[in-house]
**Student:** 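Input: one structure, supplied below.
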Amino acid sequence: MINQVRDNLFILVKSLSKSEKRQFKLYVGRMDSNENSKYLGLFNLLDRMDTYNEKTILDSNVATKQQLSNLKSHLYKQVLISLRLNPIHKTSRLQVREQLDFATILYNKGLYGQSLKLLEKAKVQALSYEEKYTAYEIVELEKVIESQYITRALSNRSEALVKQSEQLEKQNTIATKLSNLSLRLYERMIKIGYAKSDEEYREITHLFYENLPKVHLEDLGFREKLWYYKTYVWYGFLTQDFLRAYQYSVKWVDMFHDDVNKIVHHPVFYLKGSNYLMECLSLLKYPEKFRETLSQMQIRIDSTLFPVNDNLKALCFKINYINQLNLCFLEGNFDAGLELIPSILEGIRENKTQIDPHHIMLFYYKIACVYFGKEQYENCIVYLEKIINNRELKMRQDLLCFSRILHVISLYEADLDYLIESNLKQTYRYLIKMDDLQKVQEALIRFIRKLQDIYPDELKTEIVHLYEELKTYENDPYQRRAFLYLDFLSWLESKIHHKPIALIIKEKADLQNRKQKVSNKRVH
């Protein structure tokens, strides 16, 4: 595959909607100059291109090779200015920043009274939107102006500003420490993954409590609580304490349900919190509560009050469809999963510039699992090979590992015997090179190696042996995560009892729901 040149200006232009392109041309039309006509010509040329081609630009005589770099830089800046003027991009943060910019201009003109009036208005907005870093900047500028513009109530005004500045500084310090800790935990997840031993559990716990600031929860504002809950959610995931992660993700999402206006001002945090909550419910296998949470989120994002922009559109697509697939796996409803696949593939195509390659591969893996559940093994193999053959992408090792294992099992199920031997060798070599193989993976490797040498009348006995071995790891805190990538136990049970895997999973989901209802009755 030929690598296409990725040009930032070209990507920006191609990301614009029809209305944004129209607004840009109107914006340029207000400024009549030869230079403006040049960069408008470049804009139109890039808009017509399917792929970026610098030779085509130079052949068009829009600019010489020496001029092109500066012209592209100027056009990039003008497109951003035009987007900033678009009402659809007027987020709460930009609105407050704009007021601060206007106040700064008034201050520089020596119009101190007008500047202070605008700053007070901007500060009220910033505090209501939980934009406390910007609020701190506003207070600092107010202090500068007050030191030059003497008011009648200077003493009271100065004391009020000092107290407000100190309070905001304290809150911002707490938020910074918590966000730093959250980022460290996230980095740990990406580099090392979940705790696989008592030693790793102790390392993560030490990292967490060493960097967790001492706070009184009742003294924290909305934003600080948000970061506080997020650190505990990540700590719960890393240590595989999914109940703890669930408890704090519930607190996170409940804050938005208690004040729905916060969803409008902080939609990304709402979506992320809902996603973590559903991930916890999936890990804890609570299908009914999962369905309720997903439905609640879908109602919110379909509301006319929910903000609209390209980033949120892609994020909503990703979180909504990944969790719809997860619900299908929880309930064993692979028919519903099949119905989702066309919409998912269309969504990937529409949001390809906003969705990172890793999440596209994750979608492919989940699509493959849907086909596996429907016993459409050839289709399953197609999507697994998209992952396995992607040499350029650095994906999480566990996703690649289970893609290869599922690939071999699918070849076996599809009776593609002539492909099994070479793929078995490749998979075995790959797994052996992996660091920190879990016991579940080791058991699967041994089973995969035996596959070609097992006689048909011996297969069921070997499957029962594998099932009994894997069953011992089902509740092991350091081994159970392997079953989340593919429900190997349900697959083995389907072989032992000669039932479709979908039926096995559905029976387990129904049993889990009945247990939850009994438990809820006891609580009430």
**Student:** Check salt bridge (Lys or Arg N to Asp or Glu O under 4.0 Å) between R223 and all other residues, then give those that pass, not counting sequence neighbours.
**Tutor:**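 R223 satisfies salt bridge (Lys or Arg N to Asp or Glu O under 4.0 Å) with no other residue.
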**Student:** Could you grab the distance from atom CG of L238 to atom CZ of R188, nearest 0.5 Å is fine?
**Tutor:**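 CZ of R188 is found 7.0 Å from CG of L238.
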**Student:** Just by distance, no angles: are the side chains of N320 and Q298 close enough, under 3.5 Å, to form a donor-acceptor pair?
**Tutor:**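 On atom types as modelled, these side chains qualify, holding a pair under 3.5 Å.
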**Student:** Does either side chain, that of E279 or that of N275, offer a donor lying less than 3.5 Å from an acceptor on the other one?
**Tutor:**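 On atom types as modelled, these side chains do not qualify, holding no pair under 3.5 Å.
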**Student:** Check the pair E120, K117 against salt bridge (charged side-chain N to carboxylate O under 4.0 Å, His left out), reporting the backbone distance first and the verdict last.
**Tutor:** CA-CA 5 Å; E120 184 60 33; K117 188 176 180 180; over 6 Å; no
**Student:** Kindly compute the distance separating CD1 (I322) from CG (L294), expressed to the nearest 0.5 Å.
**Tutor:**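 Spacing of CD1 (I322) from CG (L294) equals 12.0 Å.
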**Student:** Counting distance only, does the side-chain N/O of D356 pair as donor-acceptor with the main-chain N or O of H359 below 3.5 Å?
**Tutor:**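 Flag set: sc D356 to bb H359 pair under 3.5 Å.
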**Student:** Quick check: does any side chain N or O of S274 sit under 3.5 Å from a backbone N or O of Y270, one acting as donor and the other as acceptor?
**Tutor:**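 Answer holds: yes.
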**Student:** Which residues satisfy the ring pair (Phe, Tyr, Trp, His ring centres under 6.0 Å) test with Y473, sequence neighbours excluded?
**Tutor:**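 So Y473 forms no ring pair (Phe, Tyr, Trp, His ring centres under 6.0 Å) with any residue.
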**Student:** Strictly by modelled atom types, are K123 and Q164 linked by a side-chain donor-acceptor pair under 3.5 Å?
**Tutor:**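 Yes, because at least one side-chain N or O of K123 sits under 3.5 Å from a partner of the opposite role on Q164.
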**Student:** Describe, in one word, how the ring planes of W234 and F237 are oriented to each other, choosing from parallel (under 30°), tilted (30 to 60°) and perpendicular (over 60°).
**Tutor:**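 It falls in the perpendicular class, over 60°.
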**Student:** Is a side-chain donor-acceptor pair under 3.5 Å present for Y133 with T176?
**Tutor:**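 Yes, a side-chain donor-acceptor pair sits under 3.5 Å.
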**Student:** Taking the side chain as every heavy atom from C-beta outward, state whether R300 and I263 have any atom pair closer than 4.5 Å.
**Tutor:**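 Answer yes - side chains close enough.
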**Student:** Considering residues at least two apart in sequence or located in another chain, which fulfil the ring pair (Phe, Tyr, Trp, His ring centres under 6.0 Å) criterion with F269?
**Tutor:**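 F269 satisfies ring pair (Phe, Tyr, Trp, His ring centres under 6.0 Å) with W227 only.
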**Student:** Would you say L100 and L119 make side-chain contact, with heavy atoms under 4.5 Å?
**Tutor:**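 They are in side-chain contact.
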**Student:** What verdict does the side-chain contact (heavy atoms from CB on, under 4.5 Å) test give for Q99 and Q125, after you've listed the backbone C-alpha separation in whole Å, the side-chain angles of each residue and the deciding distance to 0.1 Å?
**Tutor:** CA-CA 10 Å; Q99 295 299 309; Q125 279 187 315; 3.8 Å; yes
**Student:** Whether E292 and K289 form a salt bridge (side-chain N of Lys/Arg under 4.0 Å from carboxylate O of Asp/Glu) is what I want to check.
**Tutor:**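 A salt bridge links K289 with E292.
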**Student:** Are E474 and K471 close enough that some pair of their side-chain heavy atoms sits under 4.5 Å apart?
**Tutor:**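 SC-SC contact between E474 and K471 confirmed.
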**Student:** Which heavy-atom pair separates A103 from S115 by the least distance, and what is that distance?
**Tutor:**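 It is O-OG, 2.8 Å.
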**Student:** Has N172 got a side-chain atom pairing as donor or acceptor with L168's backbone, closer than 3.5 angstrom?
**Tutor:**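 Side chain of N172 to backbone of L168: a pair is present.
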**Student:** How long is the span from the CG atom in L185 to the CG atom in N180, to the nearest 0.5 Å?
**Tutor:**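 Reported to 0.5 Å precision, the distance equals 11.0 Å.
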**Student:** Is the H265 ring parallel, tilted or perpendicular to the Y129 ring (thresholds 30°, 60°)?
**Tutor:**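 Ring orientation, 0 to 90° scale: tilted.
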**Student:** Looking at E20 and R22, is there a salt bridge between them, counting it only when a charged N and a carboxylate O are closer than 4.0 Å?
**Tutor:**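 No, no charged N to carboxylate O under 4.0 Å.
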**Student:** Would you mind checking if E442 and K439 are paired as a salt bridge, meaning a charged N to carboxylate O distance below 4.0 Å?
**Tutor:**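 Salt bridge between K439 and E442, a charged N being under 4.0 Å from a carboxylate O: no.
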**Student:** For the backbone of L178 and the side chain of S182, can you confirm whether one donor and one acceptor N or O come within less than 3.5 Å of each other?
**Tutor:**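 No, because the side chain of S182 does not come within donor-acceptor range (under 3.5 Å) of the backbone of L178.
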**Student:** Side-chain contact test, heavy atoms from C-beta onward, threshold under 4.5 Å: evaluate it for V268 versus N311 and give yes or no.
**Tutor:**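 When only atoms from C-beta onward are counted, N311 and V268 do touch, with a gap below 4.5 Å.
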**Student:** Distance check, rounded to the nearest 0.5 Å: E210 atom CD versus L212 atom CG?
**Tutor:**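 Between E210 CD and L212 CG, I get 11.0 Å after rounding to 0.5 Å.
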**Student:** So F306 and V264, do their side chains get closer than 4.5 Å, heavy atoms only?
**Tutor:**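 The answer is no; the side chains never approach within 4.5 Å.
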**Student:** Please confirm whether the backbone N or O of D310 pairs with a side-chain atom of Q354, one donor and one acceptor, at under 3.5 Å?
**Tutor:**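 The answer is no, because no donor-acceptor pair under 3.5 Å joins these two groups.
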**Student:** State, with a plain yes or no, whether a side-chain heavy atom of L226 is found less than 4.5 Å away from one of F256.
**Tutor:**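 The answer is yes; the side chains approach within 4.5 Å.
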**Student:** Kindly indicate, with the supporting measurements, whether the criterion side-chain contact (heavy atoms from CB on, under 4.5 Å) is fulfilled by E331 and R291.
**Tutor:** CA-CA 10 Å; E331 296 180 332; R291 177 180 286 279; 2.8 Å; yes
**Student:** Keeping T231 on the side-chain end and Y228 on the backbone end, is there a donor-acceptor pair under 3.5 Å?
**Tutor:**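 Yes, because the side chain of T231 sits within donor-acceptor range (under 3.5 Å) of the backbone of Y228.
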**Student:** Looking at E130 and K225, is there a salt bridge between them, counting it only when a charged N and a carboxylate O are closer than 4.0 Å?
**Tutor:**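 Salt bridge flag = no for E130 with K225.
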**Student:** Indicate, with yes or no, if the rings of F329 and F372 have centres closer together than 6.0 Å.
**Tutor:**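 Judged by ring-centre distance (under 6.0 Å), F329 and F372 do not meet the cut-off.
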**Student:** Could you walk me through whether V253 and T293 satisfy the side-chain contact (heavy atoms from CB on, under 4.5 Å) test, starting with their C-alpha distance in whole Å, then the side-chain angles of each, then the deciding distance to 0.1 Å, before giving a yes or no?
**Tutor:** CA-CA 10 Å; V253 174; T293 305; 5.9 Å; no
**Student:** Check for a donor-acceptor pair, side chain of Q240 on one end and backbone N or O of A195 on the other, with a separation under 3.5 Å.
**Tutor:**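 Side chain of Q240 to backbone of A195, a donor-acceptor pair under 3.5 Å: yes, one is there.
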**Student:** Could you state the interatomic distance from NZ (K251) to CG (L277), rounded to the nearest 0.5 Å?
**Tutor:**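 It is 13.0 Å, given to the nearest 0.5 Å.
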**Student:** Give me the atom names and distance for the closest heavy-atom approach of C380 to A368.
**Tutor:**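 Nearest heavy atoms, C380 then A368: SG-O, 3.3 Å.
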**Student:** With the threshold set at 4.0 Å, does a side-chain nitrogen-carboxylate oxygen contact exist between K508 and E493?
**Tutor:**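 Yes.
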**Student:** Around atom NZ of K506, are there more than 12 heavy atoms of other residues, nucleotides or ligands at under 6.0 Å?
**Tutor:**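 Not buried by this count: 12 neighbours or fewer within 6.0 Å.
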**Student:** Considering only heavy atoms from C-beta outward, does the side chain of E131 approach that of H266 to under 4.5 Å?
**Tutor:**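 Yes, at least one pair of side-chain atoms sits under 4.5 Å.
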**Student:** Does the pair E199/R202 count as a salt bridge with the N-to-O cut at 4.0 Å?
**Tutor:**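 R202 and E199: not salt-bridged.
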**Student:** Start with the C-alpha gap between L16 and L83, add the side-chain angles, then the distance that decides, and say whether side-chain contact (heavy atoms from CB on, under 4.5 Å) holds.
**Tutor:** CA-CA 9 Å; L16 300 178; L83 287 173; 3.8 Å; yes
**Student:** Between the main-chain N or O of Q78 and the side-chain N or O of S82, is there a donor-acceptor pair closer than 3.5 Å?
**Tutor:**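 Looks like no, no N/O pair under 3.5 Å.
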**Student:** Regarding Y232 and Q247, is there a side-chain donor-to-acceptor distance under 3.5 Å anywhere?
**Tutor:**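 Note: Y232 and Q247 side chains miss the donor-acceptor criterion.
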**Student:** Please round to the nearest 0.5 Å and tell me the distance separating atom CG of L338 and atom CD1 of I367.
**Tutor:**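 The CG atom of L338 sits 10.5 Å away from the CD1 atom of I367.
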**Student:** Is there a side-chain contact between V162 and E166 in this structure, where contact means two heavy atoms from C-beta onward sitting under 4.5 Å apart?
**Tutor:**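 In contact.
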**Student:** Specify the closest pair of heavy atoms between V233 and S249, including all atoms of both residues, with the distance to one decimal.
**Tutor:**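 Heavy atoms only, the tightest pair is CG2-N, 3.6 Å.
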**Student:** Could you tell me whether E146 and K143 have a side-chain N and a carboxylate O separated by less than 4.0 Å?
**Tutor:**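 The answer is no: the pair does not qualify as a salt bridge.
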**Student:** So that I can tick it off, tell me whether D101 and R84 are bridged by a salt bridge, with the cut-off set at under 4.0 angstrom between side-chain N and carboxylate O.
**Tutor:**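 A salt bridge links R84 with D101.
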**Student:** Of the non-hydrogen atoms in P267 and P307, which two are nearest, and what is the gap between them?
**Tutor:**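 Taking every non-hydrogen atom into account, CG-CG, 3.9 Å.
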**Student:** Please report the closest heavy-atom contact between V139 and L161, naming both atoms and the distance.
**Tutor:**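 Heavy atoms of V139 and L161 come nearest at CG1-O, 3.7 Å.
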**Student:** Which heavy atom of F363 sits nearest to which heavy atom of K318, and what is that distance?
**Tutor:**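 Shortest heavy-atom separation between F363 and K318 comes out as CZ-O, 3.8 Å.
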**Student:** Within the side chain of E224, is there an N or O that forms a donor-acceptor pair under 3.5 Å with the backbone of G221?
**Tutor:**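 Here the side-chain-to-backbone pair exists.
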**Student:** Can you label the angle between the Y229 ring and the Y248 ring as parallel, tilted or perpendicular, going by 30° and 60°?
**Tutor:**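 Tilted, since the angle between the ring planes falls between 30° and 60°.
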